[in-house]
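See below for the structure under consideration.
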Amino acid sequence: MRYNVQIYEDNQGMLMADVPDEIFLVIDLLLSDVQEGGSKLWLDLIDKVLSKQSSYEELTGNACTIEIKYDVTKIVNEHAEEEQKANCLIETAELKQILLMWDDAVRNKYAE
């Protein structure tokens with residue numbers, strides 16, 4: 001994987017993520033939209049684009065909209081303040097890997 005991503009439990013037992021600044025909105029996507037329910041909905045749309053069944057998919061959650069294209073996915077924070085950067089780009093295949101890591105962390109958390 002291209003990015004150094006860490007998924008861990010904080011002191012209150014909540015799953016958290018550390019990602020590089022260039023893909024900072026992945027944290028909002030995971031914590032606000034995907035949460036601990038899993039990322040099946042997001043992964044299904046990513047897989048649809050990566051398998052070329054579709055050239056573009058879009059999904060809006062609680063905080064973020066993702067605009068999925070084959071090479072790159074744009075993550076937009078729908079609640080960003082004017083002075084904040086409201087979007088970032090991530091390779092679609094990389095986003096898929098991070099979502100799979102998140103799902104693994106959720107499974108491991110509740111397997112104990």
task: For I68 and W42, run side-chain contact (heavy atoms from CB on, under 4.5 Å): C-alpha distance rounded to whole Å, both residues' side-chain angles, the deciding distance at 0.1 Å, then the answer.
output: CA-CA 10 Å; I68 308 163; W42 287 265; over 6 Å; no
- request: Start with the C-alpha gap between E91 and Y3, add the side-chain angles, then the distance that decides, and say whether side-chain contact (heavy atoms from CB on, under 4.5 Å) holds.
  value: CA-CA 10 Å; E91 296 83 353; Y3 300 103; 2.7 Å; yes
field: Pair K96-D47, salt bridge (Lys or Arg N to Asp or Glu O under 4.0 Å): steps then yes or no
entry: CA-CA 8 Å; K96 177 180 178 177; D47 285 339; 2.8 Å; yes
task: Using the salt bridge (Lys or Arg N to Asp or Glu O under 4.0 Å) rule, take D44 and K40 through it: C-alpha gap first, then chi angles, then the decisive distance, then the call.
output: CA-CA 6 Å; D44 287 349; K40 181 177 178 359; 2.7 Å; yes
- request: Using the side-chain contact (heavy atoms from CB on, under 4.5 Å) rule, take V5 and D18 through it: C-alpha gap first, then chi angles, then the decisive distance, then the call.
  value: CA-CA 6 Å; V5 175; D18 284 332; over 6 Å; no
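The stretch residues 23-34 participates, sequence neighbours left out, in these side-chain hydrogen bond (donor to acceptor under 3.5 Å, both in side chains) pairs: D28-N77.
A cation-pi contact links K52 to Y70, judged by a cut-off of 6.0 Å to the six-membered ring centre and 45° from its axis.
Of all non-hydrogen atoms in A17 and I27, the two that sit nearest each other are O-CD1, 3.4 Å. Residues Y56 and K69 approach most closely at CD1-CG, 3.9 Å, considering heavy atoms.
Linking Ile, Leu, Val, Met, Phe, Trp and Tyr residues whenever their side-chain heavy atoms come within less than 4.5 Å leaves M14 and Y8 in two separate clusters. Residues L41 and L95 share a single hydrophobic cluster, defined by chaining ILVMFWY side chains whose heavy atoms lie under 4.5 Å apart.
Cluster note: L89 groups with V72 through ILVMFWY side-chain heavy atoms spaced under 4.5 Å, whether in direct contact or through intervening members.
In this structure, the side chains of E36 and K109 come closer than 4.5 Å at one or more pairs of heavy atoms. Residues L30 and M16 are not in side-chain contact: their nearest non-hydrogen atoms beyond the backbone lie 4.5 Å or more apart. Under the 4.5 Å side-chain criterion, counting only non-hydrogen atoms from C-beta, V76 is not in contact with L25. Residues T92 and D71 form no side-chain contact, since every pair of their non-hydrogen atoms from C-beta on lies 4.5 Å or further apart. In this structure the side chain of K74 never reaches within 4.5 angstrom of the side chain of I66, judged on heavy atoms. Side-chain contact between E94 and T73: absent, with no pair of heavy atoms (C-beta onward) separated by less than 4.5 Å. For the pair V106/L15, a side-chain contact is recorded, criterion being any heavy-atom separation below 4.5 Å from C-beta on. Counting heavy atoms from C-beta outward, N87 and I75 have side chains that stay 4.5 Å or more apart.
The closest donor-acceptor contact from the side chain of W102 to the backbone of Q35 lies under 3.5 Å. Of the possible polar contacts, one joining the H79 side chain to the N62 backbone as a donor-acceptor pair under 3.5 Å is found. Side-chain N or O atoms of S54 include none that pairs as donor or acceptor with a backbone N or O of V49 at under 3.5 Å. At least one donor-acceptor pair closer than 3.5 Å links the side chain of D103 to the backbone N or O of S39.
Enclosure of atom CG in D10 by more than 12 non-hydrogen atoms of other residues, nucleotides or ligands within 6.0 angstrom is indicated.
The distance from the CD atom of E67 to the CG atom of L45 is 13.0 Å, given to the nearest 0.5 Å.
Using a 4.0 Å cut-off between charged side-chain N and carboxylate O, K48 and E57 make a salt bridge.
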